[in-house]
Amino acid sequence: QVQLVESGGGLVQAGGSLRLSCAASGRTFSSYTVGWFRQAPGKVREFVAAISWRGVNTYYAEPVKGRFTISRDNAKNMVYLQMNSLKPEDTAVYYCAADAVLWALATVWDQYDYWGQGTQVTVSS
């Protein structure tokens, strides 16, 4: 079983930066695709970014392209989401998720079996 714990969220002003961390346990984690998803109050959960098991391939949702960077360090069982130039519309609870999913389906939230509890990001105008 894989356990995931997110951290690094907080309150920032528009234009600021945050780095979210996802700490994982479980020896199969390094072989899993990892995705970041976010959910704002009253809205559905949406895809943010994904990274392949070796960290070579990445994919981003259009609203965050050029602003967010996903990375991983399998030796430390860590995945990161660097968020720059934050906007108020980025406000949400951010979740990391992991599973042996096909890369073509990495943007689909219900393809992932393992989820963290989420970390809140609030961006003020």
task: Begin with the C-alpha distance, continue with both residues' side-chain angles, and end with the deciding distance and a verdict on side chain to side chain contact (heavy atoms under 4.5 Å, CB included) for V64 and R38.
output: CA-CA 12 Å; V64 308; R38 65 188 183 186; 4.0 Å; yes
Closest heavy-atom pair and its distance - L81, A49: CD1-CB, 4.2 Å
field: Y80: hydrophobic cluster co-members (side-chain, 4.5 Å)
entry: M78
Extract all donor-acceptor atom pairs below 3.5 Å that involve side chains of residues 99-117 and protein atoms in other chains or at least two apart in sequence.
residue	atom	partner	partner atom	Å
D99	OD2	D113	N	2.9
Y112	OH	A106	O	2.6
W115	NE1	Y112	O	3.1

message: Whether the side chain of E6 engages the backbone of C96 through a donor-acceptor N/O pair (distance < 3.5 Å, no angle test) should be reported.
response: yes
message: Do Y95 and L4 have side chains that approach each other closer than 4.5 Å (heavy atoms only, starting at C-beta)?
response: no
message: Using modelled atom types and a 3.5 Å cut-off, is there a donor and acceptor pairing between side-chain atoms of T122 and backbone atoms of T91?
response: no
message: Does F47, at its CZ atom, have more than 12 non-hydrogen atoms belonging to other residues, nucleotides or ligands within less than 6.0 Å?
response: yes
task: Using a 4.5 Å cut-off on heavy atoms from C-beta on, say whether the side chain of T119 contacts that of S7.
output: no
- request: Give a yes or no on whether the backbone of S52 and the side-chain of R72 come within a donor-acceptor separation of less than 3.5 Å.
  value: yes
- prompt: Should we say atom NZ of K65 is surrounded by more than 12 heavy atoms from elsewhere, each under 6.0 Å from it?
  reply: yes
query: side chain to side chain contact (heavy atoms under 4.5 Å, CB included) between N84 and Q82: does it pass, once the steps are laid out?
result: CA-CA 7 Å; N84 298 326; Q82 178 67 46; 3.0 Å; yes
query: Would you say F68 and I70 are hydrophobically clustered, going by side-chain heavy atoms of ILVMFWY under 4.5 Å?
result: yes
task: Measure across S30 and N74 and return the closest heavy-atom pair with its distance rounded to 0.1 Å.
output: O-ND2, 3.6 Å
message: With a 4.5 Å cut-off on side-chain heavy-atom distances among I, L, V, M, F, W and Y, is there a chain of contacts connecting V123 to W36?
response: yes
- request: Specify the closest pair of heavy atoms between G9 and L20, including all atoms of both residues, with the distance to one decimal.
  value: N-CD2, 3.6 Å
query: If you measure from OH on Y94 to SG on C22, what distance do you get to the nearest 0.5 Å?
result: 15.0 Å
statement: For S125 and A14 the tightest heavy-atom approach is CA-CB, 4.4 Å
query: Any chain of hydrophobic side-chain contacts (each under 4.5 Å) joining V93 to V12?
result: no
Those residues that, when tested against R67, pass salt bridge (Lys or Arg N to Asp or Glu O under 4.0 Å) (two or more places apart): D90
message: So which atom in A92 and which in A40 form the shortest heavy-atom distance, rounded to 0.1 Å?
response: CB-N, 3.8 Å
